[in-house]
Structure formats: C-alpha cells, structure tokens
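Before any comments, here is the structure.
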Amino acid sequence: MLKLFNTLTGRQDVFEPIEPRKVRMYVCGVTVYDYCHIGHARSALVFDVLRRYLEYTGHAVTFVKNFTDVDDKIIKRAHEQGVSCEAVTQKFIQAYHDDMGKLGVRQASIEPKATEHMAEIIELTGTLLKKGLAYQVDGDVYFNVTKYPGYGSLSKRKLEDLQAGARVEIDERKHHPMDFALWKSSKPGEPAWESPWGPGRPGWHIECSAMSVRHLGETFDIHGGGMDLIFPHHENEIAQSCGASGKEFARYWVHNGFVQINKEKMSKSLGNFFTIREIFEKSDWSEEVTGEILRYFLLSTQYHGPLDFSDQALKEAKSALNGFYDLFGRLAEPGGNAMPDQGLDRSIEHCRATFRAAMDDDLNTPAAIAALQGLRSDANKLLGHGLSTEGRQRVREEFQSLGDSLGLFQVNLDKKWQFKKEIVGAGAVQAGATTVTGIGTVVTPLSDAFIETRITERNEARRNKDFIKGDEIRKELAAHGILIEDKPDGTSRWKR
RNA sequence: GGCGCCGUACCCAAGUGGUAAGGGAGCAGUCUGCAAAACUGCGAUGCAGCGGUUCGAACCCGCUCGGCGCCUCCA
C-alpha cells in the first residue's frame, strides 16, 4: 500500500486513486527558454519513477506534463536572440526531450503546451470573472484572493503573513497585493491572442488549471512539481481550479526537494547550476553509462529532501553501479551445475518484499536500492556455490523487473558497461609490443574478436607457465581499457 | 517579520519509541602464478549540544548552537 507525503495534509497519506487501478497525475514541467539543469532532471526523474512504480504495482497511469511556452522569459530570450518565441520554445522542447531521454525519463502520456489551450484558458478566466472571483482592470484580469476563502491552505500561509513580508511591487490597480494575473494585455511586439478583454496572453498559473481540467477532469489524483512551486504557483492553481469548479482539485500534492551545490540551492541567479547536457559532455563515460550514473545518483536520496551534487557523489554512484554490472556479467555466463539453487527463491522473495516496502513508504528509493544491493550480495554468494543457468537468468530478470520502476538496469548494458575509462592519448600500446604513442593520440577501440584472440593466446601461454607473455598481453589490453579476469577453470572473462 | 526543512561513522544515506540498513572509501584475511572480481572480518556504546517525558528515545517535548529553503521568476 503506497503512502505519499501530501503537502496538502502535511503528512503521509495512503494513496487511493479515485478510480481503482487508474491514476491521473499532472506534473508541472518547465518553462522552455533555456537548457535544463540537474534540478530539472531530479524533478522529472522523481515523477517518472512515481509513474513507473504505479505501473509496476498494476495501475494504468495517465501522466500529463506540460510545457510553459508563453512567458516573459521566453519573450525576453526571443528578443535578445532576434528570433521568434516559437523558435525559442521549439528549440528547448527538443532539448528537453533529448536531455531527459538520455536520463531514461519516459515521455508523459500527454505533454500539452499553453499556447495550444488558449480557448480553455479564456473560458476558465471568463468563468472566474462570472463567479466574481476575478476582476478586470484595463485589459488585464486578476484573481481576487480575498474572495477565495481557502487561499493559503496548501502552503500553510495566511494572507496577513504574506502581506507583512512580501516585497511585492505595489500595483495600485490590484485590490490585494497577492492578487495575480489570469490574463495580461499585450504590449506591441509581444505574442497575443484575442480575448473578450482585448489582445493578450495568459498569466503563468492559469495554464495548468486549464490544461489539467482538459486532460484529466476537474478532480484528479496527483499533482506534482518542485518544492518551489508550492507557493505561489500551486496555491494559485488551487484557487483558480476550485474556485471555478467548486470541486476538489488534485487530491495528493507531491513536491520534490532541491538539488544543491555545497548545501545551497542550485539556481540561475547564484550561477551555481550545471545543465544536463554539460554533464553529459564533460563525462568520462559513454552516454548510456552517464545516464545510468545520474539516475543512480539522483535516486540515492529520498525525493523529499535536499540532494547535494558533486563529482564525488557521481564517482560513488559509478562505483556502486560497477558492482551490479560485474554481477550482471557473471550472470550472463553459463551455469556451473544443475543442482537445485538453494536459497534462490528466498533471496528473490526477500528482495522483492523489501523493495516494495521501501517504495511504498513514500518512494524511499535509497532503501529500495539497498534491497537491490541485498540481492546483489546474495546472488554473488549463490554464484560462489554454483548457480544454474536458469537461476542466473531468474536473478537477472528480477533485477530487470525491479530496476524498471527506478529506470535502472534497463538497457542491456552487460557488454556496454564501461569499467575503465577509455585510454586516450597516453600509454597506448600496439599489439604485441609496448610502443607508446604520443600524447593526444586517440587509441582505436579494439574489436571483440581481436580481444578474444589475444586472450586465447594469453591463456595458452599461461598453461605453459609463460607468465611473462601472459602479463604482457594483460598490459597490452589494459592500455586499451580492457580488464581481464581469470576464472578458476583457466579461461578468462574481460570487460571494458 | 511570517511559514518551513535539515544536522546519523571518513563521505553519501536509510531508520521517526524497543536497542544503529545499505553504498562508497579504508584496513585485514580467503581465493589467485599475478591481477581483478567475489567472499569473510574490522569500523558510530552512539545519532549537533543540553535538559525533560518514558521501563526504554537518534526517533516525542523544550531550549541552545549550526546549516538551508519559501514568502519575488524558479524543478
């Protein structure tokens, strides 16, 4: 039974979907005016995992994640670069899909854009005006927070408190400083849509209310996003949606914590952010391996708390993953005996149960990963005693299946996993000799066939106790980033 | 000023009333021609500090110290 920390109630609530076995969830995506950083990656990954886990536990999930493609920052960016807003948004939506794809984040079921929902936005604004919850000033329409009694219930704030500290620019036309724009009249040169209040564009919050109703209905199960969206964005969404429909909006509000750098929030204003593509570009590892490292790192802390990003953290994630992939490599080898696999069932069952208990406990991914580590340890011991081919297959499948809800272990990386950095430039060696090439020379990756041949030669030499030659071949391959592991039966396995 | 979060070993990180998971790093050992991997063992008598509640607290309460977030665009 899944429990989720619900910002609305301030505690963990047992998750029960409105319709059994069906989940409707909406997550606030990004404003597409720039490349995404790790903070965006964490948020996307957290809700991707929530969706995967709900599916793993037998739910049909309708997952809506929007793109905000009308916004001041987009207009500004387009202006700076002398291109259209569409050019900016198209570029960064594409970049979003590229970056998140590399991270193994699946696309949402529906990814609506604000600009494609103008009719709904205008209609909703009209409804709020009709109901007296909004008012018009010149070409602008504002939501009247004092007319909505529940205002502040999500963020646990009182209007009076907000007034006291808010450094809001005083806009004389607003009835209350916290009133927010539903519709903004457009200045010349800005994107504009026709409306009953004149040409303009929607405020930030209204799009999510309009798009969620359109795609999920007035009341749905889960609404998510980053911590920083609790106020004012989600508070305002609730006011708009509940105000208009008179019904409950989203039942469970889930918010992820921030990625930090040296204990400080990663943000553009502090200039301490790393974009996802920057990390992939700078990585010593292939794209697939880097994606896996990042996922493991981002899931190594429970989603609700802060997470500190560092090179060391990434290295630790890599080392931990090496252990799994070492095991996967061995599991792919043929089994040693046909004896009943003693204790295998119990290990798998235990892992499955602890994994689910961890995930049910508010998506406790670090504890879930610990369960996987437990199975890794058990499997290594079982292999030591000789595990049948079928048993190996079953363990591998279990990792595949549980890993799927975390987005881990998915690609068949058994042979693509990199244990060693590719040697570039220094210490390159030619077959059979020890010629060092100059710095900056890129070593051509060795073909599998060549590696196999050399290993056969080496093992022949070892049989003849010619360890000098054996070690030479090991060195030669090592210079190309190939690690040889000798097995007790005189044969060897290798990895890159 | 208002609201809120956090402080667990060298590092990361679970645990939220019953006597400290897991990973990384390290050390020692087994195996091995060597190496790697794997396995085994070692590692916080204590969970920022001080009080209190309790048979019993890292977990509950109070205070103190330290770090951070939101209240303004923000995942």
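To find a chain, count down the sequence lines: A is the first, B the second, and so on, and within it residues start at 1. Because the structure is a prediction, the values reported are computed rather than measured.
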Within this structure, what is the NZ-to-P distance between A/Lys158 and B/C71, rounded to whole angstrom? 18 Å
For A/Phe231 and B/G69, what is the distance between atoms CZ and C1' respectively, to the nearest whole Å? 15 Å
Just compare B/A14, B/C34, B/A36 and give me whichever is closest to any side-chain atom of A/Asp471. B/C34
Base paired to B/U45 (Watson-Crick or G-U; both N/O distances under 3.5 angstrom): none
If you measure from the P atom in B/A75 to the same atom in B/G23, how many Å do you get, rounded? 36 Å
Can you check the A/Ile230 CD1 to B/C71 C1' distance for me, whole Å? 12 Å
Ring centroid separation for A/His223 and A/Phe249, is it under 6.0 angstrom? yes
Euclidean distance for P, B/C12 against B/A25 (whole angstrom): 15 Å
When you compare B/G17 with B/C47, how far apart are their C1' atoms, in angstrom units rounded to a whole number? 15 Å
Nearest whole Å is fine: how far is B/C73 C1' from A/His40 NE2? 11 Å
Minimum-distance nucleotide (side-chain atoms of A/Arg462 versus B/G2, B/G33, B/G24): B/G33
Less than 4.0 angstrom between a side-chain N/O of A/Lys381 and OP1 or OP2 of B/U40, yes or no? yes
Between B/C59 and B/G15 - C1' atom distance, rounded Å: 9 Å
On the nucleotide B/A38, are OP1 or OP2 found under 4.0 Å from the side-chain N or O atoms that A/Arg376 carries? yes
Give none if B/U40 has no partner; otherwise give the nucleotide forming a Watson-Crick or G-U wobble pair with it, both distances under 3.5 Å. B/A28
In whole Å, measure the gap between the C1' atoms of B/G18 and B/C70 for me. 37 Å
Which side-chain N or O atoms in residues 226-233 of chain A pair as donor and acceptor under 3.5 Å with protein atoms at least two apart or in another chain?
residue, atom, partner, partner atom, Å
A/His233, ND1, A/His205, ND1, 2.9
A/His233, NE2, A/Glu237, OE2, 2.9

Quick note, A/Arg330 side chain, CB onward, closest among B/A37, B/C73, B/C34 is B/A37
Note: A/Lys113-A/Glu207 ion pair, threshold 4.0 Å (strictly below): no
Steps toward salt bridge (Lys or Arg N to Asp or Glu O under 4.0 Å) verdict (A/Arg394, A/Glu398): CA-CA 6 Å; A/Arg394 284 181 54 209; A/Glu398 193 60 31; over 6 Å; no
Side-chain atoms of A/Glu485 come closest, of B/U72, B/A37, B/A75, to B/A37
B/A13 OP1/OP2 closer than 4.0 Å to side-chain N/O of A/Thr301: yes
B/A36 and B/C31: how far apart are their C1' atoms, nearest whole angstrom? 12 Å
What is the distance, rounded to the nearest whole Å, between atom CG of A/Asn459 and atom P of B/G33? 12 Å
Where the side chain of A/Lys495 is defined as all heavy atoms beyond and including C-beta, which of B/C34, B/A36, B/A14 is the nearest nucleotide? B/A36
Choose from B/A36, B/A14, B/A75 the nucleotide whose nearest atom is closest to any side-chain atom of A/Asn364. B/A14
Between CD of A/Gln302 and P of B/G22 the distance, given in whole Å, is 20 Å
Pairing partner of B/U54, by Watson-Crick or G-U wobble and under 3.5 Å for both distances, is none
Nucleotide paired to B/C59 in any strand shown, Watson-Crick or G-U, under 3.5 Å: none
What does B/C3 pair with, Watson-Crick or G-U, if both distances are under 3.5 Å? B/G69
Could you give the distance separating B/A35 and B/U45 at their C1' atoms, to the nearest angstrom? 40 Å
For B/C39, does either OP1 or OP2 sit under 4.0 Å from a side-chain N or O belonging to A/Asn380? yes
Compute the ring centroids of A/Phe5 and A/His304, then answer whether they are less than 6.0 Å apart. yes
What distance, rounded to whole Å, do you find between the two C1' atoms, one in B/C11 and one in B/G51? 32 Å
Would the distance check show the side chain of A/Thr389 and the main-chain N or O of A/Gly335 forming a donor-acceptor pair, the cut-off being under 3.5 Å? yes
The nucleotide from B/A75, B/A35, B/G67 with an atom nearest the side chain of A/Arg474 is B/A35
Residue A/Arg157, side-chain heavy atoms: nucleotide from B/C34, B/A75, B/G2 that is nearest: B/G2
Is there a Watson-Crick or G-U wobble partner for B/G22 with both distances under 3.5 Å, and if so, which one is it? B/C12
Looking at B/A75, B/A13, B/G23, which one has an atom nearest to any side-chain atom of A/Val259? B/A75
What's the CE-P distance between A/Met227 and B/C3, to the nearest Å? 18 Å
With ring centroids as reference points, do A/Phe67 and A/Phe92 lie under 6.0 angstrom apart? no
With a cut-off of less than 4.0 Å, is there a side-chain N or O of A/Lys315 near OP1 or OP2 of B/A25? no
From the options B/A75, B/C11, B/C73, select the nucleotide whose nearest atom is closest to the side chain of A/Lys73. B/C73
Integer-rounded Å distance: B/G24 C1' and A/Ile369 CD1: 13 Å
Can a cation-pi geometry be assigned to A/Lys495 and A/Trp417, taking NZ or CZ under 6.0 Å from the six-membered ring centre and within 45° of the ring axis? no
